[in-house]
Student: 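Handing you this structure, nothing more for now.
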Amino acid sequence: MSENVVHLHKHTSPPADTAAVTTLTVVPDAPPARPVPLWVRSGRAVKTAVTHERTRSVGRAAVRHGLYTFNGGRIVARRAWDGRTGSRYERMIRAAEAAGNLEAAEEWEERLQRFRAARHHRRMDLLHSPVDAAKGVAVGAGMSIGVLVALGIVMALNSGQAADVVTPLSATIDFIALLIRIVQVVWGPALTIGPFLALLALWSVGRKQHAAPQWALPANVRTGEGEPITPSIVVKALRDLGVPALARAIKEMGDAGASMLGPITIAGCGVEVDVTLPSGVSTNEVQNKRRKLAENLTRHEHEVFITIPTAARTVRLWIADSGALDEPIGPSPLVTDETITADYTKGKAPWGQDLRGDAAALSLYQRHLLITGLSNQGKTVALRSLALWLSLDRSVQFLMGDLKGVGDWAMFDGLATTLIQGPTDEHVIQVTEMVEGAVDEMNRRIQAPPGTTFPPLIVLVDEAQVAFMCPAKDADKRPYGGSKANSRYFMAVRKIHNQGRAVNVLMWQGTQDPTNENLPKLVREGAHTRASLALGTESQARMALGDKAVDGGAAPNLLRPGLDRGTLVVASDGITIPAGQSSITVRTHYIDDDAAEAITDRAKALRDGVTTLQAIERAQEHDPLADIAAVIGDAPRVRTKDVLSRLAARNPGAYGGWSFLDLKRVLDDAGASPYKSDGVMVVSRDRVARALADRDDEGSASAD
C-alpha cells in the first residue's frame, strides 16, 4: 500500500507585508535509493585518478627517471665493454663494408689488430706484475724505514736525547693508525651511500642521453623543436625512414652509421650534409620520403631540401633552423643603394638570397625568361624586380604587355617604348601585334651587316596565359591565342625564342598555373631561365622547370602557398648553382610599388626621355615625319638606330622593315638630315620640329 509523504516548504524570506508562509505539498513517495556498491565507487575513483593530467604527469616522470637509471647502466656497460674489447672496431669494419668503402674497412682492421696486440702485451705484463709489485713494496718500505731512522738519528744528535731516534718512525706509525681509524669510521656510511651515488651517476648519464621513450620525456624535449642537427640524429632519421634496405644496412653498422655522413657544415640559416647511401638504396627512395625525413629530424617539410650532388649514390640534405625560413630576408640593394647601376652584358641582377643566406644574382644577358606559379605568390614582383634592375642600364629598351591591367607595371610609363595594360581580348590583340613588331625588328637586325651591335630589346608579357587562351581571331580567321601553327601570339613568341637571342631581342613571360593549354610545351622549353613559385602538383613543376630539374630535386610543388610567397625554384645557367645540382631555391627581395617608382625615376633620369605608347597604331594612313617627331620625344637628339626601333614598335606594319636608308630618305626630303655626334649618327629634335613647322606653313599658304 502506497503512502504519501508530506513535505513542508517554509519560505524564510517572505514579503515585507506578509508573515512567513508554510506550504504543504503532498507528493507520492519514491522508492528508496539503492546503495552504490563500494567496488563501483572505487572503480570510478580509479578511472578519474588515472585520466587526471597530474596523475599522468607523475606516471610519466616515474617511468622516465626509472628508465634513465636503467638505460644509463646499459650505456655505461656498453662503453666499458667497448673500451675493453674490439667491438668498436668490428662495428666500424661492418659499417665500412656496408658502405662499400673497402679502404676504410682495411684501415679499421689494422687498428683492430694493433689493439689486440697491445691488449695481449698488457695481459702478459700482468703475469709478472705481482712479483714486481712485491719487490717494489719491499724495497720502498726498506728505504722509507731507513730514511726515518736516519732522520731520527739527526734529531737525537741535535737534542742529545737517544729516544728521538725512533720519534719519526713512531709518528709515521701513529699517522697510519689515524688513517685506519678514519677509514673504519667512513667505511660504513660509504657502503650505505655508495650504491645511491652510483645510481645517481647512472641516472645522470641516462638523462643526458634522453634514454627513455618519447611519450615519457618532458614536453620541451619530446617535441625536439629547434634541436641541433647531429650525426646521430641524421642517422636515426634515415634509419626510421621506412626504407627496408637502408634500415638493415644501418642496423648492421650499429652506432657507426654516421660513417655514411660527410661533414655537417653551417649553410646560411641551416646546415648541410652529404649522405652516401649503402648499396641497394637509390637516391629517389630518400627523395620520395621528404616529409617523413623532415619529421624524423623534428622539422617541417618545407625546412628540409633534398638534392642530388655529383657523387654517385649520394643525397645532399639542407636542414633549416626551426622557423628560420619564416623570417624576412631584408630589402633589395636596389632600394637601399641609390647609386647602384646595371650592366646588361656583364652584370647580374640582385634577386634575393639562396637558402645558405648568400646573395642570389641572376645574369640576364641573352637569356629568354619564364616565371610561373600559382596566383598571388609574388610572380609579378619577382619579374618586375629584374626589369627594375635592367632599367638602370640606359641602353636597354622595353616593350611591355600587362594582361592583368591593375597597375603593377604603371611605373614604366615614360621608360618603356610600349606599355599595354588590360585583360580584355583587345589588349591581347595589342600585345600580340607588339610582339610581332618585335619579330620584325629582330628580322631587320638579322639582315644588318655582320658585326653590327644592337641595343637589348626586352619583350615582356605578364599574365601570358591570357594571351595563349584568347579566343579572338583576326580578319583572316587566324586565332590570336592557342598553340597551333596559325596562332599569332604563339608563333611570334616561338620566332623570338628561335632567333632573337643572337641580336639581343629577348622574350620574358610571367604566367599562372602552368598547363599544356595556357603554356604550350614549345614555349616553356624555349626559355633559358625558368623559375617557379609555389605550384600545386609535380606535373606542373615539370612543366615549369623541366624533367631534369625535378628529377634532380627541384620541388616548387612542395612550397607552401601563401607562406612561401616570393620563394622561387630557379633552373638557369645564369645563376650560381651548387655543383651537381640542377636548380637552386631563391628567396626574392620584395620591392613594393612606391620603391619601384623611385627606382624607375632614377632610370628615367639616365635617359633622354621616352614617349611610351599605350596602344599599337594599326591605321593604314601614317605620317613618317610626324611619327619620327613623336618617337624622339623631348630628347634633343636620338641615335638613328633607336629611332628605327621605336618606329617599328610604334607601327610594325609601316616601319617594321625600315632600314637606315629609308629613315635618311624621309629626313633628307624634309630638310632634317641625320648627322654625326660623338661618332654616331643621330636625329635632331629641333631639325625635325622645324621641318614639320615649315611643312605646315607651306600647307597653309597653298590653302590660302
Side-chain angles (χ1 to χ4, degrees), residues 344 364-370 383 386-387 390-391 393 395-403 409 412 415-421 427-448 452-464 466-468 470 474 478 480-481 487-511 520 522-523 526-529 610-618 627 631 639 641-659 662-663:
Y344 163 76
L364 303 173
Y365 178 65
Q366 293 187 345
R367 290 178 176 88
H368 302 302
L369 175 66
L370 172 65
L383 183 61
L386 297 177
L390 200 56
S391 69
D393 184 338
S395 67
V396 178
Q397 302 171 4
F398 292 97
L399 301 178
M400 292 184 170
D402 176 16
L403 294 178
W409 297 88
F412 281 85
L415 189 60
T417 305
T418 302
L419 177 60
I420 299 170
Q421 303 178 86
H427 291 102
V428 172
I429 294 172
Q430 294 279 337
V431 168
T432 301
E433 293 179 348
M434 178 190 75
V435 178
E436 289 175 338
V439 173
D440 294 335
E441 169 65 12
M442 176 189 71
N443 293 332
R444 185 189 68 81
R445 294 183 178 191
I446 292 174
Q447 296 170 7
T452 306
T453 58
F454 302 100
L457 176 61
I458 307 299
V459 185
L460 189 152
V461 179
D462 195 10
E463 306 296 341
V466 177
F468 284 113
C470 178
D474 62 10
R478 293 178 59 198
Y480 287 94
S487 170
R488 291 182 60 176
Y489 181 79
F490 170 76
M491 291 306 298
V493 173
R494 286 291 300 142
K495 289 176 182 178
I496 294 178
H497 278 177
N498 289 338
Q499 295 180 298
R501 177 177 177 272
V503 290
N504 281 334
V505 177
L506 303 175
M507 191 75 207
W508 290 11
Q509 295 183 97
T511 182
L522 292 178
V523 170
H528 302 98
T529 296
V610 177
T611 301
T612 299
L613 303 179
Q614 303 293 334
I616 301 297
E617 296 181 2
R618 298 192 298 273
D627 289 342
V631 299
R639 292 184 296 180
K641 60 180 180 179
D642 291 341
V643 173
L644 287 170
S645 63
R646 295 177 186 180
L647 286 172
R650 179 182 179 88
N651 193 338
Y655 306 115
W658 266 33
S659 66
D662 297 317
L663 176 64

Student: In terms of heavy-atom contacts, does NZ of Lys641 have more than 12 from other residues, nucleotides or ligands at under 6.0 Å?
Tutor: yes

Student: Specify the closest pair of heavy atoms between Leu364 and Leu386, including all atoms of both residues, with the distance to one decimal.
Tutor: CD1-O, 4.1 Å

Student: What's the separation between atom CG in Asn443 and atom NZ in Lys495, rounded to the nearest 0.5 Å?
Tutor: 7.5 Å

Student: Ser645: what forms a side chain to side chain donor-acceptor pair (under 3.5 Å) with it, not counting sequence neighbours?
Tutor: Gln397

Student: Under the side chain to side chain donor-acceptor pair (under 3.5 Å) rule, collect the residues that match up with His528, sequence neighbours excluded.
Tutor: none

Student: Could you check Thr612 against Gln614 for side-chain contact (heavy atoms from CB on, under 4.5 Å), going step by step and ending with a plain yes or no?
Tutor: CA-CA 6 Å; Thr612 299; Gln614 303 293 334; 3.9 Å; yes

Student: Is there a side-chain contact (heavy atoms from CB on, under 4.5 Å) between Val523 and Phe468? Walk through the geometry before answering.
Tutor: CA-CA 10 Å; Val523 170; Phe468 284 113; 3.8 Å; yes

Student: When you compare the side chain of Ile446 with that of Met442, does any pair of heavy atoms fall below 4.5 Å?
Tutor: yes

Student: Just so I know, are the side chains of Val610 and Leu415 near enough to count as touching, which here means a heavy-atom distance under 4.5 Å?
Tutor: no

Student: Are the side chains of Val643 and Arg639 in contact, using a 4.5 Å heavy-atom criterion?
Tutor: no

Student: Measure the CE-CG distance between Met434 and Leu399 for me, rounded to the nearest 0.5 Å.
Tutor: 5.5 Å

Student: Run Leu383 and Leu369 through side-chain contact (heavy atoms from CB on, under 4.5 Å) and show every step you take.
Tutor: CA-CA 9 Å; Leu383 183 61; Leu369 175 66; 3.6 Å; yes

Student: Just verifying a value: how many Å separate Glu441 CD and Leu457 CG, rounded to the nearest 0.5 Å?
Tutor: 6.5 Å

Student: Please walk me through it: do Val459 and Phe398 pass side-chain contact (heavy atoms from CB on, under 4.5 Å)?
Tutor: CA-CA 6 Å; Val459 185; Phe398 292 97; over 6 Å; no

Student: Does the side chain of Leu370 reach to within under 4.5 Å of the side chain of Thr529, using non-hydrogen atoms?
Tutor: no

Student: Residues two or more places apart in sequence or in another chain: which of them pass side chain to side chain donor-acceptor pair (under 3.5 Å) with Asp462?
Tutor: Lys379, Thr380, Trp409

Student: If I compare all heavy atoms of Val435 with all of Ala492, which pair ends up nearest, and what's the gap?
Tutor: CG1-CB, 3.5 Å

Student: What distance do Asp642 atom CG and Thr417 atom OG1 have between them, rounded to the nearest 0.5 Å?
Tutor: 8.5 Å

Student: Might you point out which heavy atoms bring Ala438 and Ile496 nearest each other, and give the distance in Å?
Tutor: CB-CD1, 4.1 Å

Student: Applying side chain to side chain donor-acceptor pair (under 3.5 Å), name anything that partners Gln509, two or more places apart in sequence or on another chain.
Tutor: Tyr489

Student: With sequence neighbours excluded, tell me which residues meet ring-ring contact (aromatic ring centres under 6.0 Å, His included) with Trp508.
Tutor: none

Student: Hey, does the side chain of Ser487 reach the backbone of Gly481 with a donor-acceptor pair shorter than 3.5 angstrom?
Tutor: yes

Student: For the pair Arg367 (side chain) and Tyr365 (backbone), establish whether a donor and an acceptor sit closer than 3.5 Å, ignoring hydrogens and angles.
Tutor: yes

Student: Excluding sequence neighbours, so at least two apart, what forms salt bridge (Lys or Arg N to Asp or Glu O under 4.0 Å) with Arg488?
Tutor: Glu436, Asp474

Student: If the condition is salt bridge (Lys or Arg N to Asp or Glu O under 4.0 Å), which residues does Asp393 pass it with, not counting sequence neighbours?
Tutor: none

Student: Out of curiosity, Ile429 CD1 to Tyr480 OH, how far, rounded to the nearest 0.5 Å?
Tutor: 4.5 Å

Student: Any non-hydrogen side-chain atom of Pro455 less than 4.5 Å from a side-chain atom of Arg445?
Tutor: yes

Student: By side-chain contact (heavy atoms from CB on, under 4.5 Å), which residues pair with Thr611, not counting sequence neighbours?
Tutor: none

Student: Sequence neighbours left out, cut at 3.5 Å: what donor-acceptor pairs do the side chains of residues 497-507 make with other protein atoms?
Tutor:
{"from": "Asn498", "atom 1": "OD1", "to": "Arg494", "atom 2": "NH2", "distance (Å)": "3.4"}
{"from": "Asn498", "atom 1": "ND2", "to": "Arg494", "atom 2": "O", "distance (Å)": "3.2"}
{"from": "Arg501", "atom 1": "NE", "to": "Gln366", "atom 2": "O", "distance (Å)": "2.9"}
{"from": "Asn504", "atom 1": "OD1", "to": "Tyr344", "atom 2": "OH", "distance (Å)": "2.9"}
{"from": "Asn504", "atom 1": "OD1", "to": "Gln366", "atom 2": "NE2", "distance (Å)": "3.3"}
{"from": "Asn504", "atom 1": "ND2", "to": "Phe454", "atom 2": "O", "distance (Å)": "3.3"}

Student: What residues, two or more places apart in sequence or in another chain, satisfy side-chain contact (heavy atoms from CB on, under 4.5 Å) together with Val466?
Tutor: Leu403, Val428, Glu463

Student: Looking at CG of Leu419 and CD of Gln430, how far apart are the two atoms once the value is rounded to the nearest 0.5 Å?
Tutor: 12.0 Å

